[in-house]
Amino acid sequence: MRLCNAGEIMALDRQAIQGLGVPGVVLMENAGRSCCDLFEKAFSQYFPGPVLILAGKGNNGGDGYVMARILAERGWQVSTLVLGLENSISGDAGVMLNIVRQLELPITFVENIPELQKSFAAAAPALIVDAIFGTGLSSDVVGKQAAAINLMNESVAPVFAVDIPSGVDSSTGRICGLAVQSTLTATFDHAKIGHASYPGARYVGDLKVVDIGIPQAGRQDFSSHVHLLDVLDAQALLPDRSFHGHKGTFGHLLIVAGSPGKTGAAALAGNAAARSGCGLVTVAVPDSVHDIIEVKLTEAMSCALPSVDGLICLQAKTQIEQLITARQGLAIGPGLGQSSELSALVRSLVVSASVPIVIDADGISLLSGQLECLQGRREQPLILTPHPGEMSRLTGLSVAEIEANRYVVAQEFAAKHGVVLLLKGARTVIAAPDGRVNINATGNDGLSSGGSGDVLTGLIGGLLAQGLDGFSAASLGAWLHGRAAELVSATQGTAGMIASDILCYLPVARQELVKGV
């Protein structure tokens with residue numbers, strides 16, 4: 001599903017209105033009417049209300065005035081609170097407001113917070129329509145608008161949000177101080193980035209995209225490169241798989257991982273790579289733990305690397321480079337540990353390795369503060385898969401700053417450093433160096449357990465070895481990983497889900513895509 005930001009949707013509106021001559025009031029009428037149709041379908045059991053519409057001064061408020069008129073015509077008990085003075089509302093919204101006034105429908109203009117609180121309490125709504133802010137909001141909400149959002153969130157009445165919950169930045173998903181927690185959101189023409197990207201996504205409730213009559217003509221300049229990665233998008237990323245293939249056909253992945261006490265991470269990555277559809281997997285670990293990994297792996301092969309104090313040392317570089325010559329992908333990091341020699345080794349491999357690389361966990365920490373090596377790698381894909389804490393170490397930003405603006409942080413880092421950046425978390429963000437961004441739609445809180453990231457690393461590495469480009473491998477890996485967790489939770493819930501539970505469901509999730517389920 002393609003997503004757009006505020007600037008892109010305004011450009012579409014402008015093209016329709018100025019370029020094609022579609023009157024703005026026609027689009028507003030269509031928007032309000034489509035919202036009413038969806039509202040009645042979703043909340044029919046609440047008929048005839050009462051319904052309270054909270055409207056702002058801009059076009060979002062205008063959509064609310066259209067809803068007030070149409071719902072009243074259909075028998076609903078509707079009242080409207082306008083957060084502003086009557087003479088402050090102009091343009092298309094002013095036209096729609098004037099119709100409501102001419103019809104003498106209940107409408108109250110509130111100038112301050114006490115008036116708002118009194119009017120809200122008097123309305124005693126069974127349903128609320130949020131039409132305060134639309135997609136243009138980017139500054140923090142204050143004053144009576146903030147008070148109105150608090151009143152909606154404190155109410156037990158379901159909230160229907162027009163276009164986007166007020167307080168969510170439609171271009172990033174950032175929360176502008178506070179936001180409406182909606183039950184259902186009707187958005188116009190296209191879903192917005194703020195609907196799909198956390199933290200905004202948690203405020204949207206059920207999301208429906210409605211048509212408001214923007215013509216298809218003139219859309220050639222609509223250049224959004226952001227997608228909510230749904231089942232159709234994931235299906236299109238599946239690597240080719242010949243019926244006549246053999247284990248050599250489907251790629252050989254090398255995983256450099258493990259250290260004393262962390263052989264489980266290496267084993268999870270290796271087993272996930274085997275479950276990815278990869279033909280062959282070799283897990284290279286320090287010689288200090290090689291006997292242990294031999295016991296933990298069955299389908300994957302293993303290899304011992306020289307170590308110092310139990311950790312892979314710089315001397316292992318020559319052996320790793322020799323192993324790479326017969327492999328199609330390299331995964332680095334799960335359970336690797338931390339040392340100055342490991343840091344030098346990882347940075348050297350980033351520059352010299354002639355195959356696609358995915359780096360996670362300790363591998364990312366070893367790069368932190370020394371990102372110059374990323375600029376030396378251009379020909380083969382490099383994927384970094386940090387969680388917010390690791391992203392904080394990479395960027396110097398706080399975790400709170402990253403979580404408040406996940407889409408932008410990921411996109412800017414990928415472009416700056418020429419890497420594919422997969423920022424883990426609810427609605428994982430995958431960003432490519434050329435500006436493309438996928439926001440993953442699968443997953444659940446069962447993934448919040450140790451080892452699930454190691455599974456993701458092995459899965460992405462296996463997809464790289466099967467010939468997918470970096471952005472496709474990271475995107476499909478995130479989708480399959482999340483979908484496998486959903487399949488596990490269907491039978492056992494999410495509490496107590498462990499990383500190894502996910503492994504057996506990775507082929508099941510992939511087969512769903514193959515079958516088009």
Side-chain angles (χ1 to χ4, degrees), residues 23-111 115-134 144-145 148 151-152 155-166 180 182-188 205 208 210-213:
V25 290
V26 171
L27 297 179
M28 188 172 287
E29 175 74 16
N30 291 345
R33 190 170 296 277
S34 294
C35 283
C36 288
D37 293 342
L38 183 58
F39 179 93
E40 288 198 292
K41 182 177 180 180
F43 301 120
S44 59
Q45 71 271 30
Y46 290 89
F47 184 81
V51 179
L52 177 63
I53 297 175
L54 286 121
K57 296 187 291 185
N59 284 345
N60 198 245
D63 301 327
Y65 306 141
V66 176
M67 287 190 70
R69 168 170 52 84
I70 294 174
L71 289 176
E73 290 172 352
R74 296 179 181 179
W76 291 81
Q77 299 170 6
V78 184
S79 58
T80 304
L81 291 182
V82 182
L83 305 181
L85 299 176
E86 184 175 3
N87 59 13
S88 67
I89 300 166
S90 59
D92 296 336
V95 172
M96 296 305 183
L97 172 61
N98 184 57
I99 297 173
V100 172
R101 296 302 306 273
Q102 292 296 321
L103 292 172
E104 299 183 347
L105 298 175
I107 188 165
T108 303
F109 298 88
V110 293
E111 298 184 48
E115 287 181 3
L116 170 66
Q117 294 170 330
K118 180 180 178 181
S119 298
F120 189 96
L127 292 166
I128 300 170
V129 174
D130 164 30
I132 300 176
F133 296 116
K144 56 181 175 289
Q145 288 80 10
L151 288 170
M152 284 188 273
S155 173
V156 297
V159 178
F160 178 92
V162 177
D163 210 4
I164 194 163
S166 292
V180 172
S182 65
T183 307
L184 172 63
T185 298
T187 194
F188 306 140
K208 301 293 183 183
V210 298
D211 181 18
I212 63 170

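Positions are given from 1 along the sequence.
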> With a 4.5 Å limit on heavy-atom distance, are the side chains of Ile70 and Glu29 in contact?
Replying inline: yes
> For Ile99 and Arg69, which heavy atoms make the closest approach, and how far apart are they?
Replying inline: CG2-CD, 3.5 Å
>> Applying salt bridge (charged side-chain N to carboxylate O under 4.0 Å, His left out), can you list everything that pairs with Glu115, at least two apart in sequence or on another chain?
In response: none
> Hey, mind stepping through Asp63 and Asp163 against side-chain contact (heavy atoms from CB on, under 4.5 Å) and telling me if it holds?
Replying inline: CA-CA 9 Å; Asp63 301 327; Asp163 210 4; 5.5 Å; no
> Tell me, which pairs form a side-chain hydrogen bond (donor to acceptor under 3.5 Å, both in side chains) where one or both residues lie in residues 39-48, sequence neighbours left out?
Replying inline: Glu40-Arg74, Glu40-Trp76
> How close do Cys36 and Met67 get, heavy atom to heavy atom, and via which atoms?
Replying inline: SG-CA, 3.5 Å
> Which heavy atom in Ala126 sits nearest to a heavy atom in Pro158, and how many Å separate them?
Replying inline: O-CD, 3.3 Å
>> If we ignore hydrogens and angles and just use 3.5 Å, is the side chain of Ser34 paired with the main-chain N or O of Asp211 as donor and acceptor?
In response: yes
> Within a strict 4.5 Å, meaning less than it, do heavy atoms of the Leu52 and Phe120 side chains meet?
Replying inline: yes
> Thr80 versus Leu105: any side-chain heavy-atom pair under 4.5 Å?
Replying inline: no
>> Testing Asp130, Leu151, Ile132 one by one against Leu54 for a side-chain contact (heavy atoms from CB on, under 4.5 Å), which residue passes?
In response: Ile132
> If every non-hydrogen atom of Leu116 is compared with every non-hydrogen atom of Ala148, which pair is closest and at what distance?
Replying inline: CD2-N, 3.5 Å
> Are side-chain heavy atoms of Val82 and Ile107 found at a separation under 4.5 Å?
Replying inline: yes
> Any idea which heavy atoms bring Tyr65 and Ala55 closest together, and the distance?
Replying inline: CE2-CB, 3.5 Å
> For the atom pair CG (Leu127) and OG (Ser155), what is the distance rounded to the nearest 0.5 Å?
Replying inline: 9.5 Å
> Under the 3.5 angstrom rule, does the side chain of Thr108 hit a backbone N or O of Leu81 as a donor-acceptor pair?
Replying inline: no
>> Using 0.5 Å steps for rounding, measure from the CG atom of Asn98 to the OG atom of Ser90.
In response: 12.5 Å
> If you measure from CZ on Arg33 to CG on Leu38, what distance do you get to the nearest 0.5 Å?
Replying inline: 14.5 Å
> Under 4.5 Å between any side-chain heavy atoms of Phe188 and Leu27, yes or no?
Replying inline: no
>> Side chains of Phe133 and Val180, heavy atoms from C-beta outward: is any pair under 4.5 Å?
In response: no
> Near Lys57 NZ, under 6.0 Å, is it more than 12 heavy atoms from other residues, nucleotides or ligands?
Replying inline: no
> What is the minimum heavy-atom distance between Val162 and Ala131, and which atoms define it?
Replying inline: CG2-CB, 4.2 Å
>> In the structure I gave you, are the side-chain heavy atoms of Leu184 and Phe39 within less than 4.5 Å of one another anywhere?
In response: no
